[in-house]
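Each chain gets a letter, A, B and so on, in the order its sequence line appears, and its residues count up from 1.
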Amino acid sequence: MTQRRILVTAALPYANGHIHIGHLVEYIQTDIWVRFQKLRGHDCRYFCADDTHGTAIMLRARKENRSEVHLIADMQQAHMRDFARFDVLFDNYGSTNSEQNREVCHEVWAAIRKAGLVHEKEIEQLFDPEVGTFLADRFVKGTCPNPECNAPDQYGDSCDKCGHTHSPSELINPKSTLSGATPVVKQALHLFVRIEDLHEFLADWTQSGEHLQPEIANYLKGHFLGKELRDWDVSRPAPYFGFEIPDAPGNYWYVWFDAPIGYIGSTSEWCQANGEDLDKWWKNPETEIHHFIGKDITYFHTLFWPAMLKTAGFSLPTKVHVHGFLTVDGEKMSKSKGTFISAATFADHLDPSGFRYFVASKLSSKVDDLDLNLKEFKAKVDSDLVGKVVNIASRSAKFIAGETLCDEYPEDGGLFQQGAALADKLAEAYENCEYSNAIREIMTLADAANQYVESKEPWKLRKDPERQQEVREVCSVALNLFWQIVCYLSPVLPRLAAQAEELLGARIDKWSDAQTPLTGTSVSKYKHMFSRVEEQKVNEMIEESKDESAAAAAVDPAAQYNDGPEALQAEPMTEEHCTIEDFVKVDMRVARVIEANHVEGADKLLQLTLSLGGDERRNVFAGIKSCYNPEDLIGRLVVCCANLKPRKMRFGLSEGMVLACGPGGKEIFLLNPDDGAKPGMRVH
RNA sequence: GGCGGGGUAGCUCAGUCGGUUAGAGCACAGGCUUCAUAAGCCUGGGGUCGCGGGUUCAAGUCCCGCCCCCGCUACCA
């Protein structure tokens with residue numbers, strides 16, 4: 001096998017927050033891949049860095065009354081500590097704020113300029129006059145400008161309630177989230193990169209089938225490549241924490257410009273420290289480049305990034321590996337539920353190796369989300385690692401502790417050979433990021449090993465002084481099967497590998513170590529290798545992760561219902577009182593749906609025929625198609641406004657209105673009278 | 001609405017080119033064992049392979065239609 005030169009990156013974590021278990025999925029996925037490649041003897045290097053620039057960092061530094069440089073240095077230390085606790089081992093962990101990164105940014109920028117891709121545009125942007133900074137869309141909140149929605153407290157880019165997209169300057173009554181001040185509109189010069197010029201190249205590169213998972217290629221084709229690619233806004237006016245653009249003083253590169261370049265910057269730091277040549281890693285077609293990222297940052301890595309690399313003459317990624325998000329017990333991580341678990345909190349309570357194993361046992365090459373079901377987590381770690389794998393050593397090592405393994409590997413019924421024969425299949429699974437397949441296969445070996453020990457009953461043999469040699473043979477076999485399994489698991493569980501090395505007095509340093517049994521090495525006294533997951537510790541971890549404000553809410557008797565303020569925020573209560581006379585003007589009646597049909601040509605409407613009892617009928621068009629099937633409505637009782645002035649619609653005359661609540665879309669809820677109500681009854 | 005992914009045992013999933021009686025792990029039940037971290041081994045129960053059609057000697061697998069779940073994404077009004 002020829003040696004490959006492989007450069008691997010994981011996405012750069014932002015310096016504004018601590019590492020949490022969601023992040024870790026990616027760093028562990030990548031770390032396993034890198035450890036595997038190294039074990040295979042390839043020249044593989046894992047680079048990462050903190051992503052340090054941007055408004056959020058600037059504002060936080062101000063708030064904490066210290067310099068950005070100080071802040072990001074602290075965060076980098078914290079991140080590195082967390083990674084180390086989870087055995088995520090980088091060849092270099094740098095910073096996007098390094099001089100090396102600045103140099104590469106200059107180089108890339110010069111090339112983009114030279115290619116004539118940069119355009120200047122004056123754009124209008126909201127500016128916070130109190131803080132003295134331009135406001136990104138997410139830093140402005142106000143009332144949704146959609147006249148049918150008008151939900152308050154919405155971000156500047158889109159409305160959570162109705163999905164309306166807008167620019168922050170369109171918001172009604174906008175406020176800066178930084179100071180509460182009313183922003184003013186200011187003109188600002190921005191620099192744009194016209195990546196449409198690279199459209200054809202990107203279409204080819206993304207659709208070649210070589211670099212991206214098929215669903216990712218398809219996503220890009222459907223959402224971006226079918227139309228003109230929009231210019232990419234890569235500058236931000238001062239004040240901004242970042243690198244100043246050399247030929248546009250007073251302007252800074254947008255954080256997403258220098259962040260991916262940080263991959264190269266980090267490599268450059270490593271090259272300088274190790275006497276390596278940067279071009280060998282980034283401008284040599286023989287070097288493979290693999291990026292591991294989450295699905296949220298797909299288009300930065302599959303459109304902008306290849307465009308930048310191509311223009312600046314760097315190598316393009318060999319593969320971009322996209323993974324899904326981590327959920328906990330089937331739901332998005334939540335601060336109030338205590339499932340937003342930081343790396344540090346996890347490691348304070350539970351064994352990080354268990355997390356690595358669990359993640360590996362779940363990961364495939366798909367973009368699917370991955371669920372950390374805490375019960376399953378315990379079950380997997382307990383039964384697979386403790387009950388199966390470690391148990392093989394635990395039940396055999398002590399019978400030959402202080403002795404040596406047999407000088408010649410004993411007859412084992414072909415077990416070791418069977419394990420050795422699995423090497424190629426397992427390697428292929430690791431190579432293709434199909435870790436869950438690999439783990440499943442490896443566990444079958446552990447089952448076989450336990451069966452072997454069971455059948456040989458060394459605990460009985462040892463009682464017979466005549467059969468001591470047999471005991472040694474059986475244990476040599478068992479420990480070798482254990483050794484082989486640990487070799488295969490070592491990319492996932494480096495700590496277990498180290499423990500096995502200590503126990504058996506040998507080293508795992510290449511994949512092919514699983515092909516040859518150990519002989520003659522001395523067996524140390526068995527030391528505890530892995531603990532079961534204690535439910536108590538899991539609970540403590542969850543408790544500690546609970547946000548304090550959420551904990552306070554739990555005291556409120558209403559908290560058990562978990563009724564959030566969203567509905568009221570979406571539709572604030574009317575301030576003005578109405579009189580009883582006003583109220584009785586609206587004649588609301590219980591009605592039965594006796595017919596319900598789709599309306600041809602209408603996206604949202606259903607046509608309902610309501611009976612108010614007797615011969616009284618109403619034809620009503622209701623905008624509830626997104627939530628109800630006509631056939632499910634027939635026969636049920638609803639509440640309708642019976643005296644609403646009839647209105648002629650495109651599809652016919654609507655003679656009333658069915659009462660429903662909810663924000664719309666998938667959330668529409670018809671009002672339902674309690675049992676006993678009869679059509680025609682008035683609501684008062 | 002569009003795109004993508006999914007629906008197989010209580011749970012998590014495997015199931016190749018269509019081919020024997022649809023599998024594994026966990027969980028559960030019974031038994032064995034008592035070396036091992038209340039670990040291990042054996043046996044067993046448990047399935048309308050989302051629904052409906054079609055192709056075929058043969059369909060979990062291929063084709064058509066539909067339903068439901070997840071993710072992404074957009075619009076109409």
Salt-bridge test for [X] and [Y]: reply yes if a basic N is under 4.0 Å from a carboxylate O, no otherwise.
X      : Y      : result
A:E331 : A:K337 : yes
A:R495 : A:D87  : yes
A:R395 : A:E454 : yes
A:E376 : A:K362 : yes
A:E502 : A:K527 : yes
A:K375 : A:D329 : no
A:K380 : A:D384 : no

Item to check | Under 4.0 Å protein heavy-atom contact, by nucleotide of nucleotides 8-16 of chain B - B base, S sugar-phosphate only | outcome: ----SSS--

Next on the checklist: For nucleotides 35-44 of chain B, give me one character per nucleotide, 5' to 3': B if any protein heavy atom sits under 4.0 Å from the base, S if the only such contacts are to the sugar-phosphate, - if neither.
Outcome noted: BBB-SBSS--

Roughly how far apart, to the nearest Å, are [N] and [M] at atom [atom1]?
N     : M     : atom1 : value
B:C42 : B:G6  : C1'   : 36 Å
B:A22 : B:U16 : C1'   : 14 Å
B:U43 : B:G25 : P     : 11 Å
B:A9  : B:A14 : P     : 12 Å
B:G50 : B:G45 : P     : 23 Å
B:A77 : B:G4  : P     : 27 Å
B:C63 : B:A24 : C1'   : 30 Å

Checklist entry - What integer distance in Å separates A:I442:CD1 from B:G25:C1'? => result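 So the CD1-C1' distance, A:I442 to B:G25, works out to 15 Å.
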
Checklist entry - Could you state the CG-P distance from A:L303 to B:U73, rounded to the nearest angstrom? => result 14 Å

Results of side chain to side chain donor-acceptor pair (under 3.5 Å) for [X] - residues two or more places apart only:
X      : answer
A:Q418 : none
A:E540 : A:Q536
A:S334 : A:S336
A:W205 : A:H211

Can you give me the N/O atom pairs linking the protein to nucleotides 68-71 of chain B at distances under 3.5 Å, or say none if there are none?
| unit_1 | atom_1 | unit_2 | atom_2 | d |
| --- | --- | --- | --- | --- |
| B:G71 | O2' | A:K295 | NZ | 3.0 |

Item to check | Parallel, tilted or perpendicular, as decided by the 30° and 60° cut-offs, for the rings of A:Y299 and A:F304 | outcome: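 Rings of A:F304 and A:Y299: perpendicular, over 60°.
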
Item to check | Watson-Crick or G-U stems involving RNA chain B, each at least 3 pairs long, distances under 3.5 Å, ordered by first number | outcome: B:1-7 with B:67-73, B:10-13 with B:23-26, B:28-32 with B:40-44, B:50-54 with B:62-66

Checklist entry - Listed by chain and number, what are the salt bridge (Lys or Arg N to Asp or Glu O under 4.0 Å) partners of A:K537, not counting sequence neighbours? => result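 Result, salt bridge (Lys or Arg N to Asp or Glu O under 4.0 Å) vs A:K537: none returned.
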
Checklist outcome for this item: Those residues at least two apart in sequence (or on a different chain) that pass salt bridge (Lys or Arg N to Asp or Glu O under 4.0 Å) with A:E200 are none

Item to check | Interface with RNA chain B, restricted to residues 216-226 of chain A and to heavy atoms under 4.0 Å | outcome: A:N218, A:Y219, A:H223

Checklist entry - Heavy-atom contacts under 4.0 Å between residues 464-488 of chain A and RNA chain B, which residues? => result none

